[in-house]
K.L.:
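Take this structure, written in structure tokens, and hold onto it; I'll ask about it next.
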Amino acid sequence: MRVRSSRAEVTFLVASCLATLMSLVGLTPADANATAGQAARRMIAAESCAQDDVQSAIDAAQDGDTVLLPAGEATWTPPDARTPSVMINGKTITLQGAGVDKTVITDGSPHAWNSLALVVRGSGKPFRVTGMTFRKGTEARGANAISIFNSRNWRVDQCKFDYNGVGGALFSYGDSFGVLDNCTIVRAYTAVNTKGRGDASWKMPLSLGTADAVYIEDCTLIDVGPDGPTDGYDGARYVFRHNTVTQTDAVDRIGGVGHHGFDSGGYRSTFSCEVYGNTFTGDGWLFGRSRGGTGVIFDNTVKGNVGFYLLVYYRSSDREDIKRLCGSWGPMCDGTNPLDGNEDATGYPGRDQPGRATDAGRDTPQLLEPVYEWGNTLNGEDADLHPQDLGGRSFDHIKEGRDLYNDTRRPGYRPYAYPHPLRVQWPPLPPSDVLSPTIPRNLAARAVWERRVELVWDPSNDDEALAGYHVWLNGQRVTTITDPDHTQYTFLRLKPPLADYAFAVSAFDAAGNESEPCPAAQLGEAVPMAAP
């Protein structure tokens, strides 16, 4: 194992200092050696940037350590199509280079669509990568510099990615939520890819405005495409905020912020997105397009000869080329496919279409959660979302005032803390607040329109900082309200009979502590609860 480190020198100095204090504090020589070892186990320097040296340093690291990569350049090439060049496996460590364009890693993988440069299998643990440049050295399409599996609270920052138009910066799989910040991404095929867990992710509650997403913030993106700054599928959740996107070359770079739907590769749609506070500049491209799920699009500034943001549902099209893309899911959404809601002859609502969220399984009803837009400008003028016309039933499946709302703030939504808390403290400290908020009281449910039920309740209290409320339907948590002053929620397009539904609300605080749900209320009932 080749690990260049000052560990021996640090151990000697620490042990020498401790030895002079042993008689005062009662330490034995063994105690001193153990303490010195703990003090020295914080920085591990790789011998070089070569993949074997970096892997050796990572293997020698323990939770909490920082692995230091020196200035220099190296090409990382995986031994085969299934084995990564370098892996962080189940460790909470920081991989730190000497700085952008000082520590330079060239991805030499010849394998298309395999992300084999740096792979992280977190086993639920966080990690951090910082201060490096990643380049693509081959024409293998679709690879990403960093791939993340099963890690929470990760951070990738102060890095540069130049993937020559064939790869991307980062791929996040499953419920691997964290933040990519202060990075520069140049000439990526897709800058950031996110993939959920399919049916399991669609069963989870809607979590807009919380930490449960992949965050891309304060990054600079230049000439990314054709799939653009983001792509997602199979229940992915992402937030793209406060970034600067510039397109200087419109050739094959038409993609904007967006994601796949229930129409390609046998995967389900992206579950949710939040796109806000960004600046886009360029000609001949599209700001954004979503093929499914829900989200919020607000306060973006777009400049240039570009299209704005489109909502599209491929399974409503009558075009033959689109039908071939959707073939893995059987018939199109036409009123006969049992995957869909089939409320009318068009098949509406289509499975995972724009404006839909949580279900209890692939063949169960989905909640109507419209996409909301507000505060966006295109060349200084107000800009709105529109459904894209692909022929067939495009405008039957996506309608304003039902599936999308323009110039309307999403009720009960408040953006997650900015900057992301992981930028302020990494690794995250255990919360000091351990007390849950009080249970919401006086929940009432009433029908306000056909298939529409409004919930109202009294505010909860918390000893430190109330963050919001979770809403429950028939014992399943389905959505989150992140404005603690907002104490109502409206269910849209529930299936009769409405008396079959039971509603409840729980409160949560900024540390993640959650109250018990209040007693379930059914339509027409008000369930008061005595003050604690």
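Remember, predicted model here, so these are calculated numbers, not experimental data.
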K.L.:
Determine whether the aromatic ring centres of residues Trp472 and Phe503 are separated by less than 6.0 angstrom.
P.N.:
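Phe503 vs Trp472: aromatic centres not under 6.0 Å.
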K.L.:
Could you tell me whether Tyr267 and His260 have their ring centroids closer than 6.0 angstrom?
P.N.:
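That pair fails the under 6.0 Å test.
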K.L.:
Picking from Arg410, Arg356, Arg493, what satisfies salt bridge (Lys or Arg N to Asp or Glu O under 4.0 Å) with Glu369?
P.N.:
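Only match with Glu369 under salt bridge (Lys or Arg N to Asp or Glu O under 4.0 Å): Arg410.
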K.L.:
Is any NZ, NE, NH1 or NH2 atom of the basic residue among Arg351 and Asp359 found under 4.0 Å from an Asp or Glu carboxylate oxygen of the other?
P.N.:
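Looking at Arg351 and Asp359, the cut-off is met.
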K.L.:
Under 4.0 Å between a Lys/Arg side-chain N and an Asp/Glu carboxylate O for Glu373 and Arg409?
P.N.:
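Salt bridge flag = no for Arg409 with Glu373.
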K.L.:
Please identify which of these residues, Phe240, Tyr215, Phe298, Trp374, meets the ring pair (Phe, Tyr, Trp, His ring centres under 6.0 Å) condition with Tyr276.
P.N.:
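The passing option is Phe298.
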K.L.:
In terms of side-chain geometry, is the basic nitrogen of Asp340 or Arg315 positioned less than 4.0 Å from the acidic oxygen of its partner?
P.N.:
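Yes, Asp340 and Arg315 are salt-bridged.
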K.L.:
So does Arg268 pair up with Asp263, basic N to acidic O under 4.0 Å?
P.N.:
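A salt bridge is absent here (no side-chain N lies under 4.0 Å from a carboxylate O).
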K.L.:
So, do His470 and Phe508 have ring centers that fall under 6.0 Å from each other?
P.N.:
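Yes, the ring centres sit under 6.0 Å apart.
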K.L.:
Can you tell me if Glu516 has over 12 outside heavy atoms packed within less than 6.0 Å of its CD?
P.N.:
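It does not: Glu516 CD has 12 such atoms or fewer within range.
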K.L.:
Decide, yes or no, whether a salt bridge links Asp223 with Arg187 under the criterion of side-chain N to carboxylate O below 4.0 Å.
P.N.:
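Result for this pair is no, no salt bridge flagged.
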K.L.:
Given Asn243, which of Asn300, Thr220, Asn278, Asp181 fulfils the side chain to side chain donor-acceptor pair (under 3.5 Å) condition?
P.N.:
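Among the candidates, only Asn278 passes.
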K.L.:
So among Lys195, Arg237, Arg197, Arg152, which one has a salt bridge (Lys or Arg N to Asp or Glu O under 4.0 Å) with Asp175?
P.N.:
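Single salt bridge (Lys or Arg N to Asp or Glu O under 4.0 Å) partner of Asp175 among Lys195, Arg237, Arg197, Arg152: Arg197.
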K.L.:
Evaluate Arg423 against Asp218 for salt bridge (Lys or Arg N to Asp or Glu O under 4.0 Å), listing each step before the verdict.
P.N.:
CA-CA 11 Å; Arg423 297 171 58 182; Asp218 286 320; 2.7 Å; yes
